[in-house]
There are 2 protein chains.
Amino acid sequence: MTEFEKGPRGQRRGRGARERIVSASQQLFRDQGINRTGMNEVCAAAQVSKRTAYQHFASKDELVAEYLRRFDPDVMPGVFDRADLSPRERLLAAFAMPASTPLCPYIAAAVELHDPEHPASQYARDYKTAIAARLTETAREAGARNPEQLGEQLALLIDGAAARTRVLNHDSFPTAAAIAAVLIDNAIPAAPSEQSSDDRRAPGSAPVPIGG
Amino acid sequence: MTEFEKGPRGQRRGRGARERIVSASQQLFRDQGINRTGMNEVCAAAQVSKRTAYQHFASKDELVAEYLRRFDPDVMPGVFDRADLSPRERLLAAFAMPASTPLCPYIAAAVELHDPEHPASQYARDYKTAIAARLTETAREAGARNPEQLGEQLALLIDGAAARTRVLNHDSFPTAAAIAAVLIDNAIPAAPSEQSSDDRRAPGSAPVPIGG
DNA sequence: TATTAAGTACACCGATCTGTTTACGTAACG
DNA sequence: CGTTACGTAAACAGATCGGTGTACTTAATA
């Protein structure tokens with residue numbers, strides 16, 4: 001059966017190869033960019049022959065797509081899966097990304113590839129849409145007046161922080177988090193000033209609509 | 001002196017060449033990306049021989065730097081120079097970019113070049129800093145409580161809208177403008193209601209500090 | 001043992017890109 | 001006229017890149 005593991009007969013091949021290739025591209029594409037990283041370099045880093053690499057991925061484009069796809073299977077870990085946090089806290093947690101978090105490879109890929117039809121570009125759109133959807137969902141849980149709007153706004157803040165951090169080489173997520181706090185407080189009726197364990201809403205007050 | 005114009009003995013050269021090269025790179029770099037546009041293509045579009053191009057620009061990197069530098073000599077025309085607008089209106093005007101406006105070549109360049117030391121990357125940082133400074137200045141005029149903070153926040157919104165527009169292929173500036181309106185209203189004490197949809201604020205409620 | 005699946009090492013192809021060089025053209029000016 | 005400055009056109013150099021082809025190795029299986 002060969003199990004496709006390092007298993008019975010493989011000395012160091014089999015399971016390792018594909019994994020190593022993807023893993024190497026993660027680091028190289030992120031650190032050096034996609035266009036500036038050749039397949040030779042990826043193969044060398046993965047300790048895999050070029051032949052093998054092209055047996056696992058028909059083209060570099062496929063590897064790039066897989067590189068993005070594998071990046072974050074469950075969207076933004078440590079944010080939406082934190083059942084111990086209130087919805088509001090979860091929304092804010094999206095802006096407390098650790099510095100080690102890679103800087104939005106989706107934006108980078110979309111810019112570098114420069115082709116909206118590229119599978120990686122399409123996946124970048126899907127990912128961004130998924131993020132916004134999750135934010136919207138959480139905003140709804142938090143009792144936001146217009147969850148779609150708040151979700152979209154928070155997503156924009158995340159992208160802004162990522163882009164700005166990249167260009168300025170200076171962490172902009174705190175600024176984004178501050179804005180997020182304002183938006184959240186404005187969007188949730190009778191927002192309890194700080195961490196809200198319960199969010200009852202004040203029905204009557206017509207607060208500031210965020211336009212659109 | 002040869003005036004650097006079409007000049008004494010130039011038949012149709014001189015002033016045209018450099019201008020045409022920069023102009024061609026504007027369009028090509030923006031439409032196709034920097035890395036995907038070769039010098040041959042630029043020269044062809046500029047109707048200039050390669051020899052001449054490399055006489056005006058020692059390298060492609062220099063041309064790229066000039067491409068960014070020439071992009072917007074006075075930062076964001078139609079925004080800060082609109083003396084007929086109130087400071088608050090000027091702040092909001094920054095989010096009403098016409099669709100024809102090129103989509104943040106600075107972010108694109110920083111990502112594409114992928115080298116923070118590249119002169120173009122440095123210029124991108126300078127440009128972004130200049131934008132934030134202008135926004136801060138205008139925020140101060142508008143009477144914002146913390147102009148630096150508001151300026152930085154609005155700058156982040158602009159970058160977020162640009163990045164998101166690029167990735168999603170969908171104009172995100174309206175969303176950013178809506179956020180901006182909220183931030184501005186929150187940051188300016190007793191905001192006099194301009195023609196904004198509404199900005200009356202519950203009078204007694206202390207406005208939410210935007211925290212830093 | 002023979003086969004087969006998987007992999008390595010490495011040369012190679014064709015395309016593309018930056019940048020240079022060569023050969024030639026042309027117009028102003030002495 | 002000839003020189004000189006400036007320009008074109010096009011070949012070329014050198015590098016890199018994506019991707020392939022070939023020959024060899026290794027180890028499990030029939």
Side-chain angles (χ1 to χ4, degrees), chain A residues 1-25 28-29 32-67 109 112-115 118-120, chain B residues 1-21 24-25 28-29 32-67 109 112-115 118-120:
Chain A
M1 251 340 190
T2 73
E3 245 323 53
F4 199 38
E5 278 275 342
K6 85 158 174 285
R9 61 152 107 42
Q11 69 285 30
R12 49 100 177 260
R13 74 164 176 284
R15 160 155 159 7
R18 192 183 179 97
E19 211 64 32
R20 284 204 306 274
I21 296 169
V22 176
S23 171
S25 50
L28 291 172
F29 288 164
Q32 311 180 347
I34 295 172
N35 290 332
R36 302 183 102 80
T37 302
M39 288 298 283
N40 282 324
E41 202 174 350
V42 171
C43 294
Q47 287 183 299
V48 157
S49 80
K50 219 169 160 187
R51 209 73 183 85
T52 302
Y54 275 97
Q55 239 148 337
H56 283 284
F57 301 96
S59 66
K60 185 184 181 182
D61 283 344
E62 270 194 20
L63 177 58
V64 170
E66 183 68 12
Y67 148 74
E112 276 202 272
L113 302 174
H114 217 276
D115 172 17
H118 192 290
Chain B
M1 249 341 191
T2 74
E3 242 327 47
F4 199 38
E5 278 275 346
K6 84 164 175 283
R9 61 157 104 47
Q11 67 284 32
R12 50 100 179 255
R13 71 166 175 282
R15 162 156 159 6
R18 190 181 182 99
E19 211 64 33
R20 284 203 307 273
I21 296 169
S25 50
L28 291 172
F29 287 164
Q32 312 181 344
I34 296 173
N35 291 330
R36 303 183 103 79
T37 303
M39 289 297 282
N40 283 325
E41 201 173 350
V42 172
C43 293
Q47 288 182 299
V48 156
S49 81
K50 227 167 153 187
R51 196 75 176 78
T52 303
Y54 276 98
Q55 238 151 330
H56 284 284
F57 301 96
S59 66
K60 184 184 180 181
D61 283 343
E62 270 193 21
L63 176 59
V64 170
E66 183 68 12
Y67 148 72
E112 275 203 273
L113 302 173
H114 216 276
D115 173 16
H118 191 292

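What you see is a predicted model, and the numbers here were worked out from it, not measured in a lab. Just so it is clear: chains get the letters A, B, ... in the order the sequence lines come, proteins before strands, and each one is counted from 1.
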Report the stems of DNA chain C as range-with-range entries sorted by first number; a stem here is at least three consecutive pairs, Watson-Crick or G-U wobble, both distances under 3.5 Å, and write none if there are none. C:1-30 with D:1-30
Starting at atom CD of A/Q55, determine the distance to atom C1' of D/dG19, rounded to an integer number of angstrom. 13 Å
In whole Å, what is the span from the CZ atom of A/R51 to the P atom of D/dT22? 9 Å
Please identify which of these residues, A/I34, A/V64, A/L63, meets the side-chain contact (heavy atoms from CB on, under 4.5 Å) condition with A/S25. A/L63
B/E41 has an atom CD; how far is it from atom P of C/dC17, in whole Å? 7 Å
Looking across every strand, which nucleic acid part, if any, lies under 4.0 Å from B/Q47 by heavy atom: base, sugar-phosphate, or nothing? sugar-phosphate
Would you mind classifying the nucleic acid contact of B/N40 as base, sugar-phosphate or nothing, using non-hydrogen atoms under 4.0 angstrom? base
Between D/dG19 atom C1' and A/D61 atom CG, what is the distance in whole Å? 12 Å
Considering all heavy atoms of both residues, which atom of B/V42 and which atom of B/A24 are nearest to each other, and what is their separation? O-CB, 3.9 Å
Taking atom P of C/dG19 as reference, at what distance in whole Å does atom CG of B/L63 sit? 10 Å
Output yes when at least one side-chain N/O atom of A/H56 is less than 4.0 Å from OP1 or OP2 of C/dA6, else no. no
Counting distance alone, no hydrogens or angles: does the base of C/dG19 have a donor or acceptor under 3.5 Å from a partner atom on the side chain of B/K60? no
Evaluate whether atom CD of B/Q47 has more than 12 neighbouring non-hydrogen atoms of other residues, nucleotides or ligands under 6.0 angstrom away. no
OP1, OP2 of C/dT8 versus side-chain N and O of A/T52: anything below 4.0 Å? yes
Given side chains that start at C-beta, do those of A/H56 and A/V22 come closer than 4.5 Å, heavy atoms only? no
Tell me: NZ of A/K50 to C1' of D/dT22, nearest whole Å? 15 Å
